[in-house]
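Contents: one structure, followed by commentary.
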Amino acid sequence: MTAFLVVLVIILFGITVLQLGKILNMSKSAEKLGEGSEVASNKDNNVNGWLMLGFAIFTYLLLIVCFYKWWDVLLPQAASEHGSTIDTLMFVSMSLIFVVGFFTLWLLSYFAFKYRGNSTNRALFFADNDKLEFIWTIIPVIVLAGLIIYGLFTWTDIMNVDTEDDPMVVELYAYQFDWRARYSGKDNTLGDANVRLIEGVNQLGVDASDPNAQDDVVVNELHLPVGRKILFKIRSQDVLHSAYMPHFRAQMNCVPGMITQFAFTPTITTEEMRMDDEVVAKVRKINTLRREKSKDLAAKGEEALEPYEFDYLLLCNKICGSNHYNMQMKIVVESQEDYDAWLATQPNIATALKK
């Protein structure tokens, strides 16, 4: 590998020297340029003009193919109260980018083709045009300002947690390479915690002497009651992580040494989402691919893949280390009754630390 890199560096160095030589040659005066001149001919200009037009056509064809083959890889409907707002903001932003990019690419390519160099033509030069400069400056300013203001208001509405909603407080704790969740118990108040207190079963460093910590519950599977606002307090033990829950359109950085937060209200239970037509189609497609893959694995004497079943997931959206890809935790959204029944089976901190 080292020898390959050395050879590659030598080749790249040679190319660099060659290109520098061409640049120096181009910098010579026109009188000194011979038959091997780097000045573009009419043929060169025609070729590059057609290439620009061909590039635009190729890009549009590639766009059509991508839409046709991968239109169904988007996330299903949002499973949180604020999710539709995020989706609308995303749709507006991407639509603007798509429309502007579509026409800008065509105009750039078409004019590069139409006005390609010709030795018999002379360019018409404008020193300045205040009207045109005003138009192409003020329109982007208005559009971008509107989009930014719309985004700021949307973000503010999402991040504004009203205490009158009495949100349920849950801590999300990130560490290489896993998650833990801590419920605040009946008092809905998380006990103090410090990484210096991490020892044995006390993986989150919860302060056992804090009265508010006695009824806290630590789990490795996140259960949420549907229709109840959840306020997540987010910590990291080691490096920068990012708590990402795509189906709820929620993401917040997990920063060592500080507590960040995000709140949302789940609106669709896991079972309801599994029956969604779009999700059913995705699961069917994934399992078809898994069955084909399992045939190849079986032929090699390896273990077949298990059938896929949809679940909400908490993922890490920061590249936090070698096992980052596997850092996830299952999320179950269920009725309040089912949630209460599940939580009742989980030992609290006081009980867990006595074992």
For the pair [X] and [Y], name the ring-plane relationship: parallel under 30°, tilted 30 to 60°, perpendicular over 60°.
| X | Y | result |
| --- | --- | --- |
| W342 | Y183 | perpendicular |
| F310 | Y312 | perpendicular |
| Y110 | W106 | parallel |

Check: [X]/[Y] side-chain N/O donor and acceptor closer than 3.5 Å:
| X | Y | result |
| --- | --- | --- |
| D340 | Q336 | yes |
| D87 | S84 | no |
| T120 | N118 | yes |
| N46 | R116 | yes |
| T156 | N160 | no |
| N323 | Q176 | no |
| N317 | Q251 | yes |

From L222 atom CG to L172 atom CG, the distance as rounded to the nearest 0.5 Å: 6.0 Å
Chi angles and distances behind the side chain to side chain contact (heavy atoms under 4.5 Å, CB included) call for K318, Y244: CA-CA 9 Å; K318 285 285 187 292; Y244 179 45; over 6 Å; no
Hydrophobic cluster identity match, L343 and V333, side-chain contacts under 4.5 Å: yes
Close aromatic pair by centroid cut-off 6.0 Å: F177 and Y325: no
Between F232 and F262, ring centroids under 6.0 Å: no
D44 side chain near S41 side chain, heavy-atom distance below 4.5 Å: yes
Note, D311 side chain near T270 side chain (heavy atom, < 4.5 Å): yes
Residues, nucleotides or ligands: over 12 heavy atoms within 6.0 Å of Y150 OH: yes
Candidate list V206, L204, I234, D178, test side chain to side chain contact (heavy atoms under 4.5 Å, CB included), partner Y173, passing option: L204
I259, D216, V170, N212 screened by side chain to side chain contact (heavy atoms under 4.5 Å, CB included) with L190, the one that passes: D216
